[in-house]
Amino acid sequence: MVNLKALAISTFFFVSSLAASSNDWRSRSIYQLVTDRFALTDGSGPACSTGDRVYCGGTYQGIIHHLDYIQNMGFDAIWISPVVSSFEGPSAYGEAYHGYWPQDLYSLNTHFGTGQDLKALADALHKRNMYLMVDVVVNHLVSKASPPTFSSFNPLNEASDFHTKCLITDYNNQTEVEQCWLGDDNLPLVDVNTENDEIVKTYYDWIKTLVGNYSVDGIRIDTVKHVRKDFWPGFASSSGVYTIGEVLHNETSYVADYTNVLDAVLDYPTWFPLVAGFQTQFGNLSDLSRVITASQGAYKNGLFGTGSFLENHDQPRFPSLSNDTARLKNAISFPFIHDGIPIVYYGQEQGYTGGPDPANREALWFSGYAQDKDLVQHIKTMNAARKAAIAANSRFLSVPMTFPLASETTLAVSKPPMLALFTNAGVSGTASWNLAKSGFNGNTRLIDVLSCTVVTTNSDGSLVANTTDGLPQIYLPVSALPSSSNICTGKLGTGNSASGITTSSLMVVGLATFAWLLMEIGL
Ligand code: ABC
Ligand code: CA
């Protein structure tokens with residue numbers, strides 16, 4: 001007779017040891033950090049001047065000690081810097097503190113800790129039901145000498161393992177993008193000959209071992225457009241986990257092709273109009289809806305599983321482009337109502353303002369990891385609201401976002417049970433959203449999770465909302481709020497008598513009429 005209990009137990013262990021798939025990642029929320037700049041093992045906070053481009057001391061143990069900080073904001077995955085070893089000492093562009101200049105595939109970057117430390121990080125994350133995403137680089141190896149010393153590389157240590165040197169100059173020539181070199185004459189990124197079958201096999205074996213050794217749950221792949229497309233499916237399947245690729249390009253049609261060879265891409269095509277749309281009051285938010293609608297149709301899985309972000313380590317931080325706190329809150333909220341997986345770049349929550357690389361890689365210890373900051377709370381609320389939306393309607397993760405309203409200055413995004421209203425009007429700007437169809441039934445009570453204001457849809461399901469402070473409004477039905485959540489704790493039940501702006505303005509009109517009447521009758 002089959003021992004059902006044993007079968008159940010073995011099935012459980014089998015299932016729980018399975019690698020994380022694209023589907024497992026969909027509901028997640030990712031905190032991206034630069035390992036060297038996040039936290040030190042001993043908790044100290046040494047000087048760290050971004051312009052010096054040197055190691056500042058961050059480690060895997062440092063991350064472990066601050067997992068509460070990350071998890072308290074509602075993240076359930078982290079993305080760390082590349083882990084393999086690079087050259088030591090300065091190059092023309094400083095030290096390899098960011099990890100993107102691999103030299104020896106088979107040893108780890110010891111600045112960040114040992115293999116045991118990395119394994120401990122994976123274990124600590126898994127205990128919290130959090131995932132580990134590791135950044136990986138295939139396209140190049142880097143030697144600090146120019147011309148490069150091939151013998152310093154492992155395992156590809158001969159000139160013939162690489163493409164013949166030519167620097168990429170024409171980004172419209174795809175062969176050049178794939179087979180010429182990134183970087184410049186001061187520090188060329190030596191381009192791996194990924195057309196060679198043996199080298200391909202080396203990389204497939206390498207990724208399988210890396211993922212297995214350190215219980216990695218997902219990989220972020222660097223420079224994807226610089227390697228021929230048909231290299232990637234085999235690499236992705238060897239990894240056995242969720243793969244998300246960096247294809248730095250603004251065109252949906254160009255990026256879409258890569259969704260056929262990897263699980264997902266970082267959603268750069270949306271990022272461009274996201275930044276441009278909210279950077280000034282003259283941005284055009286309808287560009288955002290146009291690009292998203294096109295990407296939903298062009299990407300293999302629509303935008304589901306793509307990485308949605310406002311900042312990363314390659315781009316100037318948003319507050320360096322715009323100092324308007326209302327526009328910042330709009331832009332920072334957007335990835336949370338996107339179809340994809342929200343990714344927050346460390347330091348966003350602390351309001352960091354660094355400009356282009358290397359200024360955007362500030363040490364987080366200078367913030368004291370303060371949890372009472374306005375943006376920390378904002379991000380925490382957005383994570384909680386997205387989780388509440390998923391819990392209330394599992395189709396949140398499979399029904400594409402739509403745009404009941406898209407103009408230059410206002411945008412409404414519907415993703416039941418969430419409705420988000422955005423504007424680039426800024427702190428002193430006014431805006432109104434007049435939605436004939438809010439996506440909700442008539443007379444539904446909605447709460448803006450950011451202000452905790454309750455409004456009620458009109459009997460025909462329409463909704464009119466206004467703002468005089470330029471802040472976004474993120475609505476969930478009051479009935480969708482979980483009883484235990486940190487959304488509007490203690491605030492619900494105080495302001496819910498008013499059925500929104502329309503009612504309160506009616507009340508103002510009513511009072512004024514009453515006062516006028518009193519005056520007329522001589523009281
Ligand atoms: C170093 C120094 C910098 C210095 C620079 C010249 O050299 O640190 O201070 O300014 C790593 C390091 C960097 C380092 C580089 C080069 O290596 O992190 O600090 O810069 O040594 C990935 C990673 C990135 C990493 C690498 C290399 C690749 O995310 O952190 O950098 O492993 C290209 C690649 C892209 C790459 C990016 C940095 O460079 O495609 O994978 N990112 C155009 C091209 C893009 C190109 C981009 C920037 O320029 O199309 O392919 O990205 O050069 C839009 C267009 C886009 C256009 C943008 C700029 O404008 O639509 O196509 O992108 O309108
Ligand atoms: Ca290449």
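For ligands, and for the atoms within them, numbers begin at 1 and follow the listed sequence.
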All pairs passing disulfide bond (SG atoms under 2.5 Å apart) where residues 131-183 contributes a residue, at least two apart: Cys166-Cys180
Within the 4.0 Å heavy-atom sphere of ligand 1, strictly under, residues: Arg53, Tyr93, His98, Tyr100, Trp101, His140, Tyr171, Leu189, Arg220, Asp222, Thr223, Lys225, His226, Glu246, Leu248, Asn250, Phe272, His313, Asp314, Asp357, Pro358, Arg361
Arg228 side chain vs Thr194 backbone, donor-acceptor pair below 3.5 Å: yes
Check the angle between the aromatic planes of [X] and [Y] and answer parallel, tilted or perpendicular using the 30° and 60° thresholds.
X	Y	answer
Phe278	Phe334	tilted
Trp79	His313	perpendicular
Tyr268	Phe272	tilted

His226 N/O/S atom closer than 3.0 Å to the Ca ion (ligand 2): yes
Thr194 backbone or side-chain N/O/S under 3.0 Å from the Ca ion (ligand 2): no
Stepwise salt bridge (Lys or Arg N to Asp or Glu O under 4.0 Å) test for Asp314 and Arg361: CA-CA 9 Å; Asp314 287 337; Arg361 299 163 180 193; 3.5 Å; yes
Residue pairs involving residues 206-215 (criterion side-chain hydrogen bond (donor to acceptor under 3.5 Å, both in side chains); sequence neighbours excluded): Lys119-Ser215
Apex the Ca ion (ligand 2); atoms Asn139 OD1 and Asp191 OD2; angle rounded to 10 degrees: 120°
The Ca ion (ligand 2) - closest N/O/S atom in Glu178: O
Ser44: partners by side chain to side chain contact (heavy atoms under 4.5 Å, CB included), with sequence neighbours left out: Leu40, Asp42, Pro46
